[in-house]
A.B. asks: 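The structure follows.
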Amino acid sequence: MNTHKSIFGFNIIFFVSIFILLNECLKCSSFGVMDGDQWDTTVEEVDNHLPSSSSSQGAYELNGVGEDEWQMVARKGNQFVINDQPFYVNGFNTYWLMVFAADQSTRGKITEVFQQASSVGLTVCRTWAFNDGQWRALQKSPGVYDEDVFKALDFVVSEAKKYKIRLILSLTNNWDAYGGKAQYVKWGKATGLNLTSDDDFFSHPTLRSYYKAHVKAVLNRVNTLTNITYKDDPTIFAWELMNEPRCTSDPSGDKLQSWITDMAVYVKSMDAKHLVEIGLEGFYGPSAPDRAQFNPNSYATQVGTDFIRNHQVLGVDFASVHIYADSWISQTISDSHIQFIKSWMEAHIEDAERYLGMPVVFAEFGVSSKDPGYNSSFRDTMINTVYKTLLNSTKRGGSGAGSLLWQIFPDGTDYMDDGYAIVLSKSPSTSNIISLHSARVAIFNSMCSWKCKWGCKKKNPLEAFFYHDDL
């Protein structure tokens, strides 16, 4: 069988079906959104036309974005856009891509995970652009880099583009894994600095200069495979200042706020094209005491972060939130997890609209298979809850801009599993849920041909198919 033609044929049928359904079901209001009945009808019709996961493998592979459309993701109000066309995110995390790419024996796993993620319509991956002073370190000491590891990151960026996946690149870690702020403090102590806490990372001018030097090195890196400077590459969706920053030594939040203010402006001064986000978990702090009721526990108000205040900093383009009911509330699986997830998301979407005027991405969410009472059915329910809550925002033009599963692993990487890994080939029901959500998101990302608030170019999406060279 000629799999290329069969996949392309599937694409035609799939997208023609959606196009016809959309033309029949969708009518934009003056604000470019649908009412609930229109959306529900459309989703039901599209759902009925979706194939099973077994027949949809590769369905997204040939729905490639042309070079002229592979442009930088931007922000318009509280939504993401590409060429003024809406871009809602359905994505995933795989943090170890650079380290695996640094070893030829594991480099193929990067291709595998991008191919598999693309096959279910995932379009954004969040991964680490740091490894500080550890095994296979990118940054061996302040400002000193391992060129082979940098070339591995080049490969990750290059390979992501091949599968039309954009990257959120995180620049350091709050935690010890892969170095992070603790390693910066160790480097500082080695030079004789009087440092007493890992939180000195946020305040000491020398450590701030170390971090800025790393930002400069990454943003100005010229990819050895594409010859494109990172800060000019549309494959990069956004820069993340830090993975899950916390500053427990200062519950007021002032120390972390000062660091965010400094670093967001610094990144933007070097790269005004790309979006910037902080990497926060989303805990409410002193600036919004009435919102603390949505925190998972009382400790969350004491970790030095402040969701609303932190995201009001100049240079920050969108909000990030993480969701881990099983580690924040209770490891034992229960319905209370689902209730928390829904209220946690709705609160942050509301705040992103009311106070921030920006998109919010739920940049990590998952549940561990090691939790007492865990089963795959609960995981599917949890993922569905996240997706449905986002769609409720999307259909009214709200700030809920997308989510990133923690985390997608390819076959043969089970030894890296922290309990949260999803191997798509071994999880057919979960894969179907992801594929369905990707199709729903694609509806909104294809609204370019209608007179909506996006003001984008009028273009019939079927032209590319009917006049495709390979047809």
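Just so it is clear, the structure is predicted and the values come from calculations on it, not from any experiment.
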A.B. asks: Testing the basics here: between D132 and G180, what is the closest heavy-atom pair and its distance to 0.1 Å?
C.D. replies: OD2-N, 3.2 Å
A.B. asks: For a 4.5 angstrom cut-off between non-hydrogen side-chain atoms, does Y355 reach H311?
C.D. replies: no
A.B. asks: Walk me through it: do N90 and Y387 pass the test side-chain hydrogen bond (donor to acceptor under 3.5 Å, both in side chains)?
C.D. replies: CA-CA 9 Å; N90 191 24; Y387 287 165; 3.3 Å; yes
A.B. asks: Is it true that the side chains of N295 and T301 contain a donor and an acceptor less than 3.5 Å apart?
C.D. replies: no
A.B. asks: Quick one: do D233 and K161 satisfy salt bridge (charged side-chain N to carboxylate O under 4.0 Å, His left out)? Show the steps, please.
C.D. replies: CA-CA 10 Å; D233 194 340; K161 183 181 179 182; 5.8 Å; no
A.B. asks: Using a distance-only test with no angle check, is there a side-chain donor-acceptor pair under 3.5 angstrom linking E346 and N392?
C.D. replies: no
A.B. asks: Looking at F283, F365, F294, which one forms a ring pair (Phe, Tyr, Trp, His ring centres under 6.0 Å) with W328?
C.D. replies: F283
A.B. asks: Minimum heavy-atom separation for G315 to V276, with atom names?
C.D. replies: O-CB, 3.5 Å
A.B. asks: Test your reading of the model: is there a side-chain donor-acceptor pair from N93 to the backbone of L405, 3.5 Å cut-off?
C.D. replies: yes
A.B. asks: In sequence, state the C-alpha distance, the side-chain angles, and the governing distance for R291 and E350, and then conclude on salt bridge (charged side-chain N to carboxylate O under 4.0 Å, His left out).
C.D. replies: CA-CA 11 Å; R291 307 303 276 172; E350 179 184 347; 3.7 Å; yes
A.B. asks: Just do the side-chain contact (heavy atoms from CB on, under 4.5 Å) check on I260 and M242 with the steps written out, would you?
C.D. replies: CA-CA 10 Å; I260 294 169; M242 187 179 207; over 6 Å; no
A.B. asks: Is a side-chain donor-acceptor pair under 3.5 Å present for N243 with S170?
C.D. replies: no
A.B. asks: Restricting to salt bridge (charged side-chain N to carboxylate O under 4.0 Å, His left out), what partner residues turn up for K255, sequence neighbours left out?
C.D. replies: none
A.B. asks: Search all heavy atoms of T235 against all heavy atoms of A160 and return the closest pair with its distance.
C.D. replies: CG2-CB, 4.0 Å
A.B. asks: Looking only at heavy atoms, what is the nearest atom pair of K426 and D411, with distance?
C.D. replies: CE-OD1, 4.0 Å
A.B. asks: Applying the side-chain contact (heavy atoms from CB on, under 4.5 Å) criterion to V120, which one of N432, I408, L424 satisfies it?
C.D. replies: L424
A.B. asks: Taking the six-membered ring for Trp, are W406 and Y95 parallel (under 30°), tilted (30 to 60°) or perpendicular (over 60°)?
C.D. replies: parallel
A.B. asks: Should L390 and M345 be marked as a side-chain contact (heavy atoms from CB on, under 4.5 Å) after you check the CA-CA gap, both sets of side-chain angles, and the distance that decides it?
C.D. replies: CA-CA 8 Å; L390 279 169; M345 292 182 68; 3.8 Å; yes
A.B. asks: Once you measure the plane-to-plane angle for F87 and F237, does it fall in the parallel (<30°), tilted (30-60°) or perpendicular (>60°) bin?
C.D. replies: tilted
A.B. asks: Could you check, using the six-membered ring where one of them is a Trp, whether F307 and H348 have ring centers closer than 6.0 angstrom?
C.D. replies: yes
A.B. asks: Under the 3.5 angstrom rule, does the side chain of H274 hit a backbone N or O of M72 as a donor-acceptor pair?
C.D. replies: no
A.B. asks: Any donor-acceptor pair under 3.5 Å linking the side chain of E364 with the backbone of H322?
C.D. replies: no
A.B. asks: What closest approach, in Å, do A101 and V156 show between heavy atoms, and which atom pair accounts for it?
C.D. replies: CB-CG2, 4.0 Å
A.B. asks: Using the six-membered ring of F318, assess whether NZ or CZ of R75 lies under 6.0 Å from its centre and within 45 degrees of the ring axis.
C.D. replies: no
A.B. asks: So, Q407 side chain and Y420 main chain: donor-acceptor pair closer than 3.5 Å or not?
C.D. replies: no
A.B. asks: If you take all heavy atoms of S287 and I308, which pair is closest and at what distance?
C.D. replies: OG-CB, 4.5 Å
A.B. asks: Give a yes or no on whether the backbone of G253 and the side-chain of D306 come within a donor-acceptor separation of less than 3.5 Å.
C.D. replies: no
A.B. asks: Would R166 pass as a cation-pi partner of W70, given that its NZ or CZ must be under 6.0 Å from the six-membered ring centre and within 45 degrees of the axis?
C.D. replies: yes
A.B. asks: Do V89 and F362 come close enough that some side-chain heavy atom pair is under 4.5 Å?
C.D. replies: no
A.B. asks: What verdict does the side-chain contact (heavy atoms from CB on, under 4.5 Å) test give for W239 and V215, after you've listed the backbone C-alpha separation in whole Å, the side-chain angles of each residue and the deciding distance to 0.1 Å?
C.D. replies: CA-CA 9 Å; W239 302 113; V215 170; over 6 Å; no
A.B. asks: Determine the interplanar angle of the F409 and W96 rings, folded into 0 to 90°, and report it as parallel if under 30°, tilted if 30 to 60°, perpendicular if over 60°.
C.D. replies: perpendicular
A.B. asks: Show the numbers, then the answer: is there a side-chain contact (heavy atoms from CB on, under 4.5 Å) between L391 and R440?
C.D. replies: CA-CA 8 Å; L391 289 171; R440 289 167 167 172; 3.6 Å; yes
